[in-house]
4 protein chains.
Amino acid sequence: MYVHPTTKFKDRSTPRSAEANEQIRAETSAKIVEHALALFSKHGYDRTTIAMIATSAGVSQGLMYRYFDSKAALLRAIFAQSMADVRASMAAAAEGQTPRERIELLIRVSFEILRDHREFWRLSYGVRMQAAVLKELGPRVGAWTTEIKKTLAAFLRDADIDDPDVEAAILFALIDGVSQHYVLDPSGYPLYPVIEQIVDRYATPQSS
Amino acid sequence: MYVHPTTKFKDRSTPRSAEANEQIRAETSAKIVEHALALFSKHGYDRTTIAMIATSAGVSQGLMYRYFDSKAALLRAIFAQSMADVRASMAAAAEGQTPRERIELLIRVSFEILRDHREFWRLSYGVRMQAAVLKELGPRVGAWTTEIKKTLAAFLRDADIDDPDVEAAILFALIDGVSQHYVLDPSGYPLYPVIEQIVDRYATPQSS
Amino acid sequence: MYVHPTTKFKDRSTPRSAEANEQIRAETSAKIVEHALALFSKHGYDRTTIAMIATSAGVSQGLMYRYFDSKAALLRAIFAQSMADVRASMAAAAEGQTPRERIELLIRVSFEILRDHREFWRLSYGVRMQAAVLKELGPRVGAWTTEIKKTLAAFLRDADIDDPDVEAAILFALIDGVSQHYVLDPSGYPLYPVIEQIVDRYATPQSS
Amino acid sequence: MYVHPTTKFKDRSTPRSAEANEQIRAETSAKIVEHALALFSKHGYDRTTIAMIATSAGVSQGLMYRYFDSKAALLRAIFAQSMADVRASMAAAAEGQTPRERIELLIRVSFEILRDHREFWRLSYGVRMQAAVLKELGPRVGAWTTEIKKTLAAFLRDADIDDPDVEAAILFALIDGVSQHYVLDPSGYPLYPVIEQIVDRYATPQSS
DNA sequence: TATGAATGAGCCTTCATTCAT
DNA sequence: GATGAATGAAGGCTCATTCAT
């Protein structure tokens, strides 16, 4: 295993350097987030205990609170990070040249994001119907869905599709539904044929 | 003047007849289920306490355990009942004369069920991603989804639609996605135009 | 042991009567308060755990929370009750015929209260310097001391004593100091001779 | 620009001399004691955390344990130091020429000490009733009170005052009571008039 | 049938203390 | 001498469930 030279020959009785600490913090924080996400995703937020997360991540319970103020704060951190990822990926869809291309990109990108963040989406879907948990997440998460739907409607409007609002509602529901069914049973779901069908239907020039 | 509920219309000194008892049981049970469903739907299963349900239903906590062995049993009862409702409604779809008609009926019936059991669906969607809760629900609920998808695929196959399995996956996902978005914001969702669009797409003879 | 007739020959399968419940609640509540006071008094508020109180009172920890919303609420309840007792006793001092008599009564009554509520005073003295705990107690407890001092000053003014405010400060401090020393070591403190001396000094007609 | 504190004025490459080390130790120790006392006094011993002290003193939590073995040890150190101060000041009272003068000195010195060590007295009064904390403080603090009372009684006996033990109890209680009321509200308390009254009463030749 | 007091396990969180550097 | 990451043992509180009436 590779050991960074600067950390190797250090004076034994000197406090860790600021950078070393920063790295430790980043790693531990990431580890906690990772395991918390996996467990939240699998068992649901309420059914996941801090003890489970700590054990899974291989740290003490107490340590969690040096990184996150509370269980809810940990959840918020997970959402903040994943939402940033998603937003970044979504932005790529706007790069398409033609309206149709943008729609196609959006659809494809959505499912790529899904594939790469399966656990996050599971968590997100699990939490979506629980008002109490959503409140702990803050208003930004609630507004997020609306944001996506608006982007979608704009794209469809650009593509001169009839009834763009209704179509956006349908397409968004479709993506969401497929995502959930996939996430519920990734190995049993025919994701790729489904994607192609959807692309074919929404992004191919002849009217639907 | 306050009258203790149990002493209100019931003559304490006369033993109740067996039928009267049975009727009371049925009524109380229904009342508990009804209020439990409303609360589970609103706050989520884990965030709803037995105390909340008891208060809401106007019975004591202890009494709840004469009707349901546990909180999980109560959830199971709710699912059993709602699933029976759903199955019954779904069966009606099979009555359609032509394959296309059957598909149309299935779609329309699905959304009727949705409209009539909003709370149940909210609960169901909230619980769906939580492995721990699902286990408490027993295997029958898990199998349910598969069952619906199979019915759907059979209908599509009968209607000679290409790739019926993929199409079933898509249609089911679509129905599910629309249902969720509707349930999340019933008053803001254009449910009826969406239904017509879907019917138009899947149940009208010329290829989509 | 005496058993109340109405509770003796009851139908086994009937819920407890409202009065029976009320009595149980009153007894249990009193038991909790009593043991909590003893422990708070002995170990201090912060060092007394809910577990200690529950064990001492012979109830479960959970039960405490059916009677008091929190540990702080329990403390507040103790203060509310004891303060009411004290106020009632203090009112008796106003019954004295002459100013001197009123002062004498006040002094004697103060130490009677002290004797009867040793534990409460210990607790009160222990908590007095801890801003954080006082805040949890609410503003009424803080105002209490001021109230007593004012009563005292009024009495001394009526008795035509020079510098009544300074004298009130002194007399109050004296009573407080004696109370604390007594409470710290009840069996080793010469309380009664001290009381007589104080009465003699403040309540005997010739000017001090 | 931010400069890391430890690297500020210290040349890392030159080993510090023994005296320099000792001076640093003394300074750091004093700093910790000072901030700990302020916080203990303000929030109470139990409500003050090691983290609060470390932050306030500008040192790391770990470092505190190089100076004091435990939180209790820190408290002990504070008491030891303040008690030494007090004892020294008290000794000055014995220098008085006549018995009356010694009593007057004792009274005046007591309140000087009070004024100079307000925080310590607050802490001391806050901790006095908490058996659990007192035990951690060790037996010497408990004996201290007795010691003061004995000195007082001896002085009063020398001054040929009747019932010197009872009078000592009273005078000590009075000083203690005044001290507490003053410490509870330094700016609102008429300390100086009160002192003069007390001196007048106890240290002026004609009988009280 | 019905009530509500009582239990106990478990959860989130805090904090004095230790350890590696 | 100094730092701060890490630990682990409680502590307050909640809640599904049981029990006596």
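Every chain is numbered from 1, with letters handed out A, B, ... down the list of sequences.
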Student: Partners of Arg122(A) by side-chain hydrogen bond (donor to acceptor under 3.5 Å, both in side chains), sequence neighbours excluded?
Tutor: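 For Arg122(A), no residue satisfies side-chain hydrogen bond (donor to acceptor under 3.5 Å, both in side chains) once neighbours in sequence are set aside.
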Student: Return no unless some side-chain N or O of Tyr65(C) is found under 4.0 Å from OP1 or OP2 of dT14(F).
Tutor: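 No, because none of the side-chain N or O atoms of Tyr65(C) sits under 4.0 Å from OP1 or OP2 of dT14(F).
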Student: How do Tyr67(D) and Ser70(B) order along DNA chain F: which one's closest nucleotide is nearer the 5' end?
Tutor: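 Result of the comparison: Tyr67(D).
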Student: Establish whether the base of dC13(F) is bridged to the side chain of Gln61(C) by a donor-acceptor pair shorter than 3.5 Å.
Tutor: yes
Student: Given that Glu22(A) and Thr49(C) both sit by DNA chain F, which one's nearest nucleotide is further toward the 5' end?
Tutor: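 The answer here is Glu22(A).
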Student: Please figure out whether Tyr45(A) or Ser60(C) has its closest DNA chain E nucleotide nearer the 5' end.
Tutor: Ser60(C)
Student: Could you give the CZ-to-P distance, from Arg25(C) to dT3(E), as a whole number of Å?
Tutor: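 Between P of dT3(E) and CZ of Arg25(C): 17 Å.
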Student: If dA20(E) has a Watson-Crick or G-U wobble mate with both distances under 3.5 Å, name it; if not, just say none.
Tutor: dT3(F)
Student: With a 3.5 Å distance limit and no angle check, can you tell me whether Tyr45(D) reaches the backbone of Gly126(D) through a side-chain donor-acceptor pair?
Tutor: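 No, because the side chain of Tyr45(D) does not come within donor-acceptor range (under 3.5 Å) of the backbone of Gly126(D).
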Student: CG of Asp46(B) versus P of dG10(E): gap in Å, rounded?
Tutor: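 Rounded to whole Å, this separation is 16 Å.
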Student: In whole Å, I'd like the distance from the CD atom of Gln23(C) to the P atom of dT21(F).
Tutor: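 For the pair Gln23(C) CD and dT21(F) P, the rounded distance is 13 Å.
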Student: Provide the Watson-Crick or G-U wobble partner of dA9(F), both distances under 3.5 Å; none if there is no partner.
Tutor: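 Across any shown strand, dA9(F) pairs with dT14(E).
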Student: Without decimals, in angstroms, what is the distance between Arg47(D) CZ and dT14(E) P?
Tutor: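 Distance check: Arg47(D) CZ to dT14(E) P gives 13 Å.
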Student: CZ/Arg66(B) to CZ/Arg25(B) distance, rounded to the nearest 0.5 angstrom?
Tutor: 8.0 Å
Student: Base, sugar-phosphate alone, or nothing: which one does Ser29(D) contact when heavy atoms must sit under 4.0 Å apart?
Tutor: nothing
Student: Sub-3.5 Å donor-acceptor pair from the side chain of Thr28(D) to the main-chain atoms of Ile24(D), do we have one?
Tutor: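 Answer holds: yes.
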Student: Counting only side-chain nitrogens and oxygens, does Arg16(C) get under 4.0 Å of the OP1 or OP2 atom of dA5(E)?
Tutor: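 Result: no.
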Student: Ile53(A) has an atom CD1; how far is it from atom C1' of dG10(E), in whole Å?
Tutor: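 Computing the Ile53(A):CD1 to dG10(E):C1' distance gives 15 Å.
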Student: Base, sugar-phosphate alone, or nothing: which one does Ile24(A) contact when heavy atoms must sit under 4.0 Å apart?
Tutor: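 Contact class for Ile24(A): sugar-phosphate only.
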Student: Between dA16(F), dC12(E), dC13(F), spot the one nearest the side chain of Lys71(C), thanks.
Tutor: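 Selected nucleotide: dC13(F).
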Student: Using atom CD of Glu27(D) as one end and atom C1' of dA2(F) as the other, report the distance to the nearest whole Å.
Tutor: 15 Å
Student: Using a 6.0 Å cut-off, check whether atom CG of Asn21(A) has over 12 heavy atoms from anything other than its own residue.
Tutor: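 Check passes, neighbour count above 12.
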Student: When you check the phosphate oxygens OP1 and OP2 of dA6(F), does a side-chain N or O of Thr28(A) lie under 4.0 Å from one of them?
Tutor: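 Yes, Thr28(A) has a side-chain N/O under 4.0 Å of OP1/OP2 on dA6(F).
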Student: Measure the distance from CE on Met64(A) to P on dC11(E) and round it to the nearest whole Å.
Tutor: 14 Å
Student: Heavy atoms only, 4.0 Å cut-off, all strands: where does Arg66(D) land among base, sugar-phosphate and nothing?
Tutor: base
Student: Using a heavy-atom cut-off of under 4.0 Å over every strand shown, decide if Ile50(C) touches base, sugar-phosphate, or nothing.
Tutor: sugar-phosphate
Student: For Leu63(C) and for Asp69(A), find the nucleotide of DNA chain E with the closest heavy atom, then tell me which residue's nucleotide is more 5'.
Tutor: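 Its nearest nucleotide being more 5', the pick is Leu63(C).
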Student: Tell me whether Lys42(A) at atom NZ has more than 12 heavy atoms from other residues, nucleotides or ligands lying less than 6.0 Å away.
Tutor: no
Student: In this structure, how many angstroms lie between the C1' atom of dC12(E) and the CD atom of Glu136(A), rounded?
Tutor: 12 Å
Student: Base, sugar-phosphate, or nothing for Phe68(C), non-hydrogen atoms under 4.0 angstrom?
Tutor: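 Here Phe68(C) touches no strand at all.
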